[in-house]
Amino acid sequence: VSQIPGWTTTSTKPFFKDINYGLAMDRGSGTTAGNLVDNSYGGNIWTTLTPATGGNFSFDMAYVPGSTGTWVETGADVTNSLAGARYSFDNGTTWYNMTPTLGTKYLATGWVNDSTGWAGGINTNSTTGGMYKFNGHLNPFTTMTWTGSADGNWNNPANWTPAGTPSSNKNVIISSSAPHMPLVSL
């Protein structure tokens, strides 16, 4: 039996990728909902992970089998803009939104590998909602997001998350709220 320090009265759900490594999620309803701790010692030592910007989703999470550290978490809290799905390639340290899912309530999730996963949803009528299947490939850094934090230069790695310059095999998301829009010469 293991106890997470400071979480004695917190509704907690553990998720393990193997016998030694796992994450635990605060399933409470307060300001700490969705906070994560990780463990690489079979449940004996828990380390707090820094919460994602804007908060963590707090409904469910799953390790993606066959990956080195890919996890997917889901949320259904539309009141606090914490509904949708996001993924991490570094065992929960950094999270990336699955942008098309934001604002939709996703519940339990399960994954077979990095290209086959499902999440339950809420039916809004007889043909909308229900089960959702992931179509794509969760592969580290296949998607790059334009932040425009440095300037408008497309080739400046400081303008991208993760840092770098997109190649032809990368999906690109350009945020409309970026301080600088990209300039591309053709």
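Quick note: residue numbers are just sequence positions, from 1. All heavy atoms count here, side chains included; hydrogens, waters and symmetry mates do not.
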Exercise. Answer yes or no: is there a donor N or O on one side and an acceptor on the other, between the side chain of S115 and the main chain of G136, under 3.5 Å?
Key: no

Self-check item: Donor-acceptor under 3.5 Å (S67 side chain, V64 main chain)
Solution: yes

Quiz item: Quick check: does any side chain N or O of R27 sit under 3.5 Å from a backbone N or O of S58, one acting as donor and the other as acceptor?
Solution: yes

Quiz item: Within the distance-only criterion (no hydrogens, no angle test), does the side chain of T94 pair as donor or acceptor with the backbone N or O of F89 below 3.5 angstrom?
Solution: no

Quiz item: Quick one: does D60's side chain have a donor or acceptor within less than 3.5 Å of a partner on T109's backbone?
Solution: yes

Quiz prompt | Flag for N125-T127: side-chain donor and acceptor within less than 3.5 Å | solution = yes

Quiz item: Under a single-linkage rule joining Ile, Leu, Val, Met, Phe, Trp and Tyr whose side-chain heavy atoms are separated by less than 4.5 Å, which residues share a cluster with V112?
Solution: W118, M131

Self-check item: Test side chain to side chain donor-acceptor pair (under 3.5 Å) applied to N91 and T93, step by step
Solution: CA-CA 6 Å; N91 285 314; T93 301; over 6 Å; no

Exercise. Using the test side chain to side chain contact (heavy atoms under 4.5 Å, CB included), find all partners of T50 that sit at least two apart in sequence or belong to another chain.
Key: none

Quiz prompt | Between F57 and F59, ring centroids under 6.0 Å | solution = no

Self-check item: salt bridge (Lys or Arg N to Asp or Glu O under 4.0 Å) pairs, two or more places apart, involving residues 103-121
Solution: none

Quiz item: Run the side chain to side chain donor-acceptor pair (under 3.5 Å) check on D151 and N159 step by step: do they pass?
Solution: CA-CA 7 Å; D151 53 38; N159 286 320; 2.7 Å; yes

Quiz item: Which heavy-atom pair separates L107 from G121 by the least distance, and what is that distance?
Solution: CD1-O, 3.9 Å

Quiz prompt | From CG (D18) to CZ (F16), nearest 0.5 Å | solution = 9.0 Å

Self-check item: Flag side-chain contact, heavy atom, 4.5 Å: T147 against S175
Solution: no

Quiz item: Which value, rounded to the nearest 0.5 Å, describes the distance between T99 atom OG1 and R86 atom CZ?
Solution: 10.5 Å

Quiz item: Are any side-chain N or O atoms of D26 and backbone N or O atoms of N35, one a donor and one an acceptor, separated by less than 3.5 Å?
Solution: no

Quiz item: Judged by atom type as modelled, is there a donor-acceptor pair below 3.5 Å linking the side chain of H180 to the main-chain atoms of G152?
Solution: no

Practice problem: Would you mind listing the cluster partners of Y63? Hydrophobic ones only (ILVMFWY), side-chain contacts under 4.5 Å, chaining allowed. | Solution: F15, Y21, L23, M25, L36, L49, M61, W71, W95

Exercise. May I ask you to decide if A119's main-chain N or O and K133's side chain share a donor-acceptor pair within less than 3.5 Å?
Key: no

Quiz prompt | Under the salt bridge (charged side-chain N to carboxylate O under 4.0 Å, His left out) test, residues paired with D77 that sit two or more places apart | solution = none

Practice problem: Considering non-hydrogen atoms only, spot the tightest contact between W160 and I173 and give its length. | Solution: CZ3-O, 4.5 Å

Self-check item: Side-chain donor or acceptor of T101 paired with backbone N/O of M98 under 3.5 Å
Solution: yes

Quiz prompt | Side-chain cluster (under 4.5 Å, hydrophobic types only) that Y106 belongs to, other residues | solution = Y132

